[in-house]
Protein chains: 2
Amino acid sequence: MNKEEQVIMGFRDLLNKLVWLNKYKMEKSLKGYKPTEVHCIEYIGNNVDANVTKLAESFYMTRSAMSKLTKKLMQKGLIESYQKPDNKKEIYFRLTEQGKVIYKIHEELHKEFRERDKAVFEQVTEEQFDGMLSFVEKYSKHLDAEIKKLGIDMKSE
Amino acid sequence: MNKEEQVIMGFRDLLNKLVWLNKYKMEKSLKGYKPTEVHCIEYIGNNVDANVTKLAESFYMTRSAMSKLTKKLMQKGLIESYQKPDNKKEIYFRLTEQGKVIYKIHEELHKEFRERDKAVFEQVTEEQFDGMLSFVEKYSKHLDAEIKKLGIDMKSE
DNA sequence: ATCATTTTGTTGACAAGGAAACAAAATCGA
DNA sequence: TCGATTTTGTTTCCTTGTCAACAAAATGAT
């Protein structure tokens, strides 16, 4: 296996582990709340005027899925919807007080995760950080361009 | 956002894009075959004596899921099962001729993906590669240790 | 050798997410 | 301005994967 694949597969494997472990911890601290739900609460807490479409784009999921998820979160009383006077189509979400509690707990957990992994990041030099970030940026832009090409092809079909 | 989170979230986002894009391309070339199915065929093509358990471990999925997936692939005639004379429990899989065709097409696609992304990787210096690989390795080992801790906690509960 | 434990695979009930069809509102184009 | 197109969100049906319970074979302990 060449280095390119090692990097990609290495990171894929790493993120799998990270997600798995953090999910485990999260289910312990936030019993009854699924990772996706918490993730959704996090996004709504961080972004004003979040709606189904923005959530879907951010999570690489369908509007369909997000519509169902937000519905559930509303039923649980964690988020509430609102509209703007000049727009009767878009529906925005914000956290309820109860939702904010979950948000805070989630934030604390994240702090805990950072603390747990601090030792690893302390070993990384500034050059390595910058190298990784520049790689991510370049590759990401490259893929954006490829996806854009796709968009054109899709409509010309 | 600090650099640590930038790296993690950057890679998460990057992999999401990569998966999404390659999935799209794959569905175009291998119509009727889902990514998981192809992924499974790839594994069986690369590993002799693949069975449900090994597949599950490799894919971070349950045996249950793999049992159903292999069943479907057998019904489609892409893989076939066999056993060893001295073991009546374990069931192994290998590709059929039809399965090998899919395997080859998938291989070609991968080559195409590498070609597509070559330009990005050519810009990465050897130092950057090594930096990333060492980071992945360290972090991965760190998480393995954390997961191991968890295992002890789990049984002591 | 025998009985308990572990490993391996399967099944059914369930939940999450995707695809397609749809309705309602907004925007665009002439 | 007004009809066509696009955007936004919802619902229904379907697929995929998990969990839990299970059966059968292998392994281990005594």
Side-chain angles (χ1 to χ4, degrees), chain A residues 16 19-20 23-24 26-27 31-41 43-44 47 49-76 79-93 151-152 154-155 157, chain B residues 16 19-21 23-24 26-28 30-41 43-44 47 49-76 78-93 151 154-155:
Chain A
N16 271 340
V19 165
W20 189 92
K23 180 182 162 188
Y24 180 85
M26 203 165 288
E27 278 168 353
K31 286 197 176 102
Y33 300 97
K34 304 264 165 70
T36 338
E37 294 174 356
V38 178
H39 199 188
C40 187
I41 288 170
Y43 183 92
I44 294 174
N47 301 83
D49 294 346
N51 61 4
V52 164
T53 300
K54 284 185 224 158
L55 282 164
E57 282 169 0
S58 157
F59 290 10
Y60 292 86
M61 277 170 44
T62 58
R63 293 204 305 276
S64 168
M66 292 316 304
S67 175
K68 290 167 194 166
L69 183 51
T70 50
K71 193 179 176 184
K72 201 203 293 181
L73 289 176
M74 283 188 52
Q75 283 166 352
K76 287 193 180 184
I79 63 175
E80 58 191 8
S81 65
Y82 62 96
Q83 289 190 293
K84 297 188 177 179
D86 55 337
N87 190 320
K88 292 171 198 287
K89 191 171 62 164
E90 298 182 354
I91 300 167
Y92 306 100
F93 301 103
I152 294 165
M154 277 163 79
K155 291 192 180 149
E157 266 172 30
Chain B
N16 272 339
V19 166
W20 190 92
L21 179 59
K23 180 182 162 187
Y24 180 86
M26 204 165 286
E27 279 169 352
K28 253 185 147 171
L30 288 165
K31 287 198 175 101
Y33 301 97
K34 304 264 164 70
T36 337
E37 294 174 356
V38 178
H39 200 186
C40 186
I41 288 170
Y43 183 92
I44 294 174
N47 301 81
D49 294 346
N51 61 4
V52 164
T53 300
K54 284 185 222 158
L55 282 164
E57 282 170 0
S58 157
F59 290 10
Y60 292 90
M61 276 171 41
T62 58
R63 292 204 307 277
S64 171
M66 292 317 304
S67 175
K68 289 168 190 170
L69 183 51
T70 50
K71 193 180 179 185
K72 201 205 292 182
L73 289 176
M74 283 188 51
Q75 282 166 352
K76 288 193 179 184
L78 298 167
I79 63 174
E80 56 190 10
S81 65
Y82 63 96
Q83 291 190 293
K84 297 189 177 177
D86 55 338
N87 189 321
K88 292 169 196 288
K89 190 172 60 162
E90 297 183 356
I91 300 167
Y92 306 99
F93 302 103
M154 277 162 77
K155 290 190 181 151

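Naming: A, B, ... by sequence-line order, numbering from 1 per chain. This one's a predicted model, so the numbers in the text were calculated from it and none came from an experiment.
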Query raised in the report: When you check every protein heavy atom under 4.0 Å of nucleotides 11-19 of chain C, what one-letter string (B, S, -) results, 5' to 3'?
Result: BBB-SSSBB
Query - Spatial distance of atom CG (Leu73(A)) from atom CZ (Phe93(A)) [nearest 0.5 Å] - result: 9.0 Å
Requested in this report: List in chain and number order the residues that pass side-chain hydrogen bond (donor to acceptor under 3.5 Å, both in side chains) with Glu37(A), two or more places apart in sequence or in another chain; answer none if no residue qualifies.
Outcome: Lys72(A), Lys76(A)
Query raised in the report: Only one of Asn47(B), Ile79(B), Val52(B), Asn51(B) forms a side-chain contact (heavy atoms from CB on, under 4.5 Å) with Tyr92(B), so which one is it?
Result: Asn51(B)
Query raised in the report: For residues 53-63 of chain B, which residue pairs qualify under salt bridge (charged side-chain N to carboxylate O under 4.0 Å, His left out), counting only residues two or more places apart or in two chains?
Result: none
Query raised in the report: Axis-to-axis angle across the helix from dA1(C)-dT30(D) to dA30(C)-dT1(D), five pairs an end, to 10 degrees?
Result: 40°
Query raised in the report: What is the minimum heavy-atom distance between His39(A) and Phe59(A), and which atoms define it?
Result: O-CZ, 3.6 Å
Query raised in the report: Does a donor on one side chain and an acceptor on the other come within less than 3.5 Å for Glu80(B) and Tyr82(B)?
Result: no
Query raised in the report: So do Val19(B) and Tyr60(A) actually touch side chain to side chain, heavy atoms under 4.5 Å?
Result: no
Requested in this report: State the OG1-CD1 distance between Thr70(B) and Ile44(B), to the nearest 0.5 angstrom.
Outcome: 7.0 Å
Report summary line: So CG of Asp49(B) and CD of Glu90(B): to nearest 0.5 Å the spacing works out to 9.0 Å
Report summary line: d(Leu55(B) CG, Thr62(B) OG1) to nearest 0.5 Å is 11.5 Å
Report summary line: chain B vs DNA chain D, heavy-atom contacts under 4.0 Å, first-to-last nucleotide span, 5' to 3', is dT15(D) to dA26(D)
Report summary line: Rounded to the nearest 0.5 Å, the OG atom of Ser58(A) sits from the OH atom of Tyr43(A) at a distance of 5.0 Å
Report task. Mind listing the residues from residues 85-92 of chain A sitting with a heavy atom below 4.0 Å of DNA chain D? Number order is fine. Result -> Lys89(A), Glu90(A), Ile91(A)
Query raised in the report: Roughly how far, to the nearest 0.5 Å, is the CE atom of Met61(A) from the CE atom of Met66(A)?
Result: 5.0 Å
